[in-house]
Amino acid sequence: MIPSSAFSLSMTLQCGQCFRFFEENGVFLGVANGRLLKIEQTDRFIRFFDMTQEEFQAVWANYFDCATDYDALHTLFSNDQTLCSAIEKTGGIRVLRQDGFETLISFLISQNNNIPRITKSINLLCERFGSRIAPDTFAFPDAKTLASASLSDFSGLSLGYRDRYLLDAAQKVSSGEIDLSKLYTCPIEEARQTLRTICGVGPKVAECVLLYGFARLSCVPMDTWMKKVMARYYQAGLPEEILPYAGIAQQYLFHYARCFDTF
DNA sequence: CCCCAGGGTAGGG
DNA sequence: CCCTACCATGGG
C-alpha cells in the first residue's frame, strides 16, 4: 500500500500517459511489466490486490515512482502562478516509469490520434501479438515478435498509416541497431537523435518516449494542448528552476488544460 | 460536408 | 530555415 496524499490513481492512470488500465466499480485493472495489476484507491491508501511485499518492492514501487518526493516538487512548482492553479486540480498525477519499448510503440500510435482510439489499437495489438497472461489478458508484445510480422499482419488494428512506423521501430530495436537501454543515461540530445532515426518519431513522440519510458524528467512533450498552454501562459518559456523536472510540470499543465481550463 | 485527435513526412519555396 | 498538403481512421 502507498499513502494517498498527493496521489490520484484515477488521474495517474487516465491522464493519457498510459493506455492499458480501465476502471470497474472504482477498481483499476491493467497490464504493465508483463503482469496483471489490480489496484484501488481508498480514503488513505492505494491498495494493491493479490500482491506480495516482495513483488511490490521489486516491480511496482519503481513503476509508480515512489522514490520521487512529489510534495517537494509541488513546493518548487508553486512559485509559479499557473502551475500553482494547475496543481490544485491535477497534483495527484504521478509520472509513471513505463517500459521503454511499450512506450515507444504506444506513442507512435498516438500521433494525430485520440486517446480512445489509441487505447483500442494498443489493446488489439496486445491481443494479436502479446502472450496471454490471464483470461482475456495479454502482455505487451516484445520487439522480436513485432519485428517478425509483416505489414498485413497489422491490418484490423485501426493503425492507419502508422503500421509501417511500428514495424520500423520493432526492427530497429530487435536487430540491435537501436539499444534502448542506453536511453536512460546517455546525453539527452543523443537520446532524442537516436529515437528520431525511427520512422514516425518526431519531436513530440521522442519527448513522450523519453519522459514516460526512460524517466528523463526534463523532457516536455509539446502536443496541441501544451502548445496552447505555452502560448497563453509561458511565452518566455517555463520557469528556469523547474526545468530539470519540466516533464512532470508538463503533465499537470496538459491535464489541467485538457480537463479543467477553457481554451 | 466539415472539423479534430497527446504529429510526422515529403516537397517546395 | 519556413510553410503546406497529405497521411488512415473514427467521432462529433
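Treat the numbers as computed from the prediction; the structure is a model and nothing was measured. When reading the values below, keep in mind they use all heavy atoms of this one structure, side chains included, and skip hydrogens, waters and symmetry mates. Every chain is numbered from 1, with letters handed out A, B, ... down the list of sequences.
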query = How do Y165(A) and K120(A) order along DNA chain C: which one's closest nucleotide is nearer the 5' end?
reply = Y165(A)
key: Closest-nucleotide ordering on DNA chain B, the 5'-leading residue of R196(A) and P116(A)   = P116(A)
request  = Would you mind reporting whether R162(A) and F154(A) have side-chain heavy atoms less than 4.5 Å apart?
outcome  = no
message = Less than 3.5 Å apart, any donor N or O on the side chain of T145(A) or D142(A) sitting next to an acceptor on the other?
response = yes
inquiry  = For a quick check, tell me whether the side chain of Y212(A) and the base of dG6(B) share a donor-acceptor pair closer than 3.5 Å.
reply    = yes
request  = Return the orientation label for the F101(A) and F140(A) ring planes: parallel under 30°, perpendicular over 60°, tilted otherwise.
outcome  = perpendicular
request  = Establish, yes or no, whether a centroid distance under 6.0 Å links the rings of Y70(A) and Y245(A).
outcome  = no
ask   = Could you give the CG-to-P distance, from L211(A) to dG6(B), as a whole number of Å?
value = 17 Å
inquiry  = Output the rounded distance in Å from CG (L159(A)) to C1' (dC7(C)).
reply    = 14 Å
query = Under 4.0 angstrom, heavy atoms only, what part of the nucleic acid is F19(A) near: base, sugar-phosphate, or nothing?
reply = nothing
Write down the protein N/O and nucleotide N/O pairs, taken from nucleotides 3-6 of chain C, whose separation is under 3.5 Å; answer none if there are no such pairs.
none

query = Any side-chain heavy atom of Y165(A) within less than 4.5 Å of one from I198(A)?
reply = no
For atom CG of N113(A) and atom P of dG8(B), their distance in whole Å = 13 Å
request  = List for me each residue that meets salt bridge (Lys or Arg N to Asp or Glu O under 4.0 Å) alongside D168(A), sequence neighbours excluded, and say none if there are none.
outcome  = K172(A)
task = Describe the nucleic acid contact of Q251(A) in one word from base, sugar-phosphate, nothing, applying a heavy-atom distance below 4.0 Å.
result = base
inquiry  = Distance check, C1' atoms only: dG10(C) and dT9(B), in whole angstrom units.
reply    = 22 Å
inquiry  = E55(A): which residues meet the salt bridge (Lys or Arg N to Asp or Glu O under 4.0 Å) condition with it, sequence neighbours left out?
reply    = R35(A)
ask   = Considering heavy-atom distances to DNA chain B, does I115(A) or C199(A) have its closest nucleotide positioned more toward the 5' end?
value = I115(A)
request  = Using the C1' atoms only, state how far dG6(B) lies from dC3(C), rounded to an integer number of Å.
outcome  = 23 Å
message = For a quick check, tell me whether the side chain of Q250(A) and the base of dG6(B) share a donor-acceptor pair closer than 3.5 Å.
response = yes
message = Mind checking if P203(A) touches a base, just sugar-phosphate, or nothing, with heavy atoms under 4.0 Å?
response = sugar-phosphate
query = How far, in whole Å, is dC2(B) from dA5(C) if one measures between their P atoms?
reply = 14 Å
ask   = Which whole-number value in Å describes the distance from K228(A) NZ to dG6(B) P?
value = 10 Å
request  = Could you check whether G16(A) gets within reach of a base, just the sugar-phosphate, or nothing at all, counting any heavy atom under 4.0 Å?
outcome  = base
key: Euclidean distance, atom CE of residue M226(A) to atom C1' of dA5(B) [Å, nearest integer]   = 18 Å
remark   = When pairs are called at under 3.5 Å and a stem needs at least three consecutive Watson-Crick or G-U pairs, the stems of DNA chain B are B:2-5 with C:9-12, B:7-13 with C:1-7
inquiry  = Between L167(A) and D163(A), is there a side-chain heavy-atom distance shorter than 4.5 Å?
reply    = no
inquiry  = Nearest whole Å is fine: how far is dG8(B) P from R192(A) CZ?
reply    = 13 Å
query = Should we count NZ of K228(A) as having more than 12 external heavy atoms under 6.0 Å?
reply = yes
query = Within this structure, what is the CD1-to-P distance between I198(A) and dG8(B), rounded to whole angstrom?
reply = 13 Å
key: Whether F254(A) stacks on the six-membered ring of dG6(B) base, 5.5 Å and 30° limits   = yes
Distance-only donor-acceptor hits, side chain of residues 246-258 of chain A, under 3.5 Å, sequence neighbours excluded:
residue	atom	partner	partner atom	Å
Q250(A)	NE2	G247(A)	O	3.1
Q251(A)	OE1	Y212(A)	OH	2.5
Y252(A)	OH	H74(A)	NE2	2.7

inquiry  = Using a 4.5 Å cut-off between side-chain heavy atoms of Ile, Leu, Val, Met, Phe, Trp and Tyr, which other residues end up in the same hydrophobic cluster as F138(A)?
reply    = none
ask   = Closest to the S158(A) side chain: dG6(B), dT9(C), dC7(C)?
value = dT9(C)
message = Rounding to an integer number of Å, can you tell me how far N112(A) CG sits from dG10(C) P?
response = 14 Å
